[in-house]
A.B. asks: 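Take a look at the following structure, please.
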Amino acid sequence: NTKTLASNTSFTIFNNLNVALATTFQALNVNGTGVLTIDGDLVNDGTINMRLSATRYMNVVLTKNTNTISANGAYTFNTLTIGGDAVIWSSPSTINMYGDFVNNTTTSLDINAGTFYFDNGGNQSIGGTKSTTFNNLTINNADITLNRDVIVSGIYTMNNGGTTFNLNAFNFTINGTYVRTNGSFIG
């Protein structure tokens, strides 16, 4: 059961987005980019795929004052921007990132479940107005630039050649396990 947005322009959901088990919610598979704004909670038991290719995607912006991200579905985002006052992140899923991660909440963001997996083969950034704590963070064949302090409380993994992690004069703290098969830190 697949639900596809009508075009890759801009849409706003003024309530919760609930994706049921065995359901896919995705961007339109035509060239074009846009923004999906969600002013509600995100409950995903299925698949959310907002990036079908480098020219076919929708960036996602979460704007609710207290965003709740829950359930055990699959996520693929180009750029994910989180705003509002607070976030309750209880989804144990893997979140595949092909663009930037932007934390524009009014407080530091603590993602205490799941794994963020950056795998673009190009340049990506982690930033925003406040620092972010990731449960698990994997960098695979991507060049990451920090634009804000980052903490990893679980497992930090750096894979594949060509992976560069540019600290950009920000703090990067690993409070858990560090696994490196290739790649390098700079700055």
Side-chain angles (χ1 to χ4, degrees), residues 1-8 10-13 15-64 67-84 87-103 109-122 124-126 132-142 144 150 152-160 163 176-177 179:
N1 189 3
T2 300
K3 307 295 182 194
T4 302
L5 293 170
S7 69
N8 288 346
S10 294
F11 290 93
T12 300
I13 297 173
N15 209 329
N16 299 335
L17 174 60
N18 296 299
V19 179
L21 188 65
T23 300
T24 298
F25 181 73
Q26 68 182 20
L28 186 64
N29 195 15
V30 297
N31 283 340
T33 62
V35 176
L36 173 64
T37 302
I38 303 170
D39 191 28
D41 294 336
L42 183 57
V43 180
N44 179 22
D45 282 309
T47 300
I48 295 176
N49 186 359
M50 291 293 112
R51 186 190 189 277
L52 300 176
S53 76
T55 60
R56 300 171 182 184
Y57 63 85
M58 294 194 71
N59 294 324
V60 175
V61 179
L62 304 177
T63 60
K64 185 178 174 191
N67 295 294
T68 299
I69 295 93
S70 61
N72 198 23
Y75 296 88
T76 300
F77 293 122
N78 192 62
T79 292
L80 175 62
T81 302
I82 301 175
V87 174
I88 300 167
W89 196 292
S90 61
S91 175
S93 301
T94 296
I95 297 88
N96 296 296
M97 296 293 305
Y98 289 88
D100 301 327
F101 178 86
V102 182
N103 172 16
L109 175 59
D110 186 3
I111 299 170
N112 54 13
T115 298
F116 272 75
Y117 190 86
F118 286 79
D119 186 12
N120 182 350
Q124 294 174 268
S125 68
I126 300 172
T132 300
T133 299
F134 292 98
N135 179 50
N136 298 315
L137 179 63
T138 297
I139 310 300
N140 185 60
N141 197 31
I144 301 293
V150 168
V152 178
S153 61
I155 301 169
Y156 173 71
T157 305
M158 183 182 269
N159 291 326
N160 291 340
T163 298
T177 304
V179 178

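For the numbers below, each heavy atom of this structure counts, side chains included, while hydrogens, waters and symmetry mates do not.
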A.B. asks: Taking all heavy atoms of Ile13 and all of Asn16, pick out the closest pair and write down the distance.
C.D. replies: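 Nearest heavy atoms, Ile13 then Asn16: CG2-O, 4.1 Å.
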
A.B. asks: State which residues pass ring-ring contact (aromatic ring centres under 6.0 Å, His included) with Tyr75; sequence neighbours excluded, sorted by chain then number.
C.D. replies: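 Only Phe77 meet the ring-ring contact (aromatic ring centres under 6.0 Å, His included) criterion with Tyr75.
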
A.B. asks: Donor-acceptor pair, Asn44 side chain versus Gly46 backbone, under 3.5 Å?
C.D. replies: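 Yes: the side chain of Asn44 pairs with the backbone of Gly46.
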
A.B. asks: What residues form a side chain to side chain donor-acceptor pair (under 3.5 Å) with Asn1, not counting sequence neighbours?
C.D. replies: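 Lys3.
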
A.B. asks: Please check if the distance between the ring centroids of Trp89 and Phe134 is under 6.0 Å.
C.D. replies: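 Trp89 vs Phe134: aromatic centres not under 6.0 Å.
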
A.B. asks: If a pair satisfies salt bridge (charged side-chain N to carboxylate O under 4.0 Å, His left out) and one of its residues is in residues 18-41, list it, with sequence neighbours excluded.
C.D. replies: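 Matches after skipping sequence neighbours: Asp41-Lys64.
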
A.B. asks: Using the side chain to side chain donor-acceptor pair (under 3.5 Å) criterion, which residues pair with Gln124? Sequence neighbours excluded.
C.D. replies: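 Side chain to side chain donor-acceptor pair (under 3.5 Å) list for Gln124, sorted by chain: empty.
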
A.B. asks: If we check side-chain hydrogen bond (donor to acceptor under 3.5 Å, both in side chains) with Gln26, which of these qualifies: Thr2, Asn49, Thr4?
C.D. replies: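 Only one option passes, and that is Thr4.
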
A.B. asks: Show your reasoning for whether side chain to side chain donor-acceptor pair (under 3.5 Å) applies to Thr133 and Asp110.
C.D. replies: CA-CA 5 Å; Thr133 299; Asp110 186 3; 4.6 Å; no

A.B. asks: Indicate yes or no for a side-chain donor-acceptor contact from Ser53 to the backbone of Thr55 under 3.5 Å, with no hydrogens or angles considered.
C.D. replies: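 Yes, Ser53 side chain to Thr55 backbone: donor-acceptor pair under 3.5 Å.
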
A.B. asks: Which residues pass the side chain to side chain contact (heavy atoms under 4.5 Å, CB included) test with Asn96, sequence neighbours left out?
C.D. replies: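 Asn96: side chain to side chain contact (heavy atoms under 4.5 Å, CB included) contacts with Thr76, Thr94, Tyr98, Tyr117.
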
A.B. asks: Report yes or no: does Asn135 contribute a side-chain atom to a donor-acceptor pair with the main-chain N or O of Gly114 at less than 3.5 Å?
C.D. replies: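 It does hold such a pair.
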
A.B. asks: My understanding is that only residues two or more places apart in sequence, or in another chain, count here; which of them pass side chain to side chain contact (heavy atoms under 4.5 Å, CB included) with Ser90?
C.D. replies: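 Testing Ser90 for side chain to side chain contact (heavy atoms under 4.5 Å, CB included), a comparison that skips the adjacent residues, returns Ser70.
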
A.B. asks: Using the test side chain to side chain contact (heavy atoms under 4.5 Å, CB included), find all partners of Thr33 that sit at least two apart in sequence or belong to another chain.
C.D. replies: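 Here the qualifying residues are Tyr57.
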
A.B. asks: Taking only residues two or more places apart in sequence, or in another chain, which ones meet Leu5 in a side chain to side chain contact (heavy atoms under 4.5 Å, CB included)?
C.D. replies: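 For Leu5 the side chain to side chain contact (heavy atoms under 4.5 Å, CB included) partners, ignoring immediate neighbours, are Phe11, Phe25, Met50, Met58.
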
A.B. asks: With Arg51, which residues qualify under side chain to side chain donor-acceptor pair (under 3.5 Å), at least two apart?
C.D. replies: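 Checked Arg51 against side chain to side chain donor-acceptor pair (under 3.5 Å); matches are Asn78.
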
A.B. asks: Check side chain to side chain donor-acceptor pair (under 3.5 Å) between Thr115 and all other residues, then give those that pass, not counting sequence neighbours.
C.D. replies: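 Expected list: Asn136.
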
A.B. asks: Identify the two heavy atoms, one from Pro92 and one from Ala71, that lie closest to each other, and give their separation to 0.1 Å.
C.D. replies: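 Pro92 and Ala71 have their closest heavy atoms at CD-O, 3.4 Å.
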
A.B. asks: In the structure I gave you, are the side-chain heavy atoms of Ile126 and Phe118 within less than 4.5 Å of one another anywhere?
C.D. replies: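 Yes - at least one pair of side-chain heavy atoms lies under 4.5 Å apart.
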
A.B. asks: Kindly compute the distance separating CD1 (Ile111) from OG1 (Thr132), expressed to the nearest 0.5 Å.
C.D. replies: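 Nearest 0.5 Å value for the CD1-OG1 distance: 6.0 Å.
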
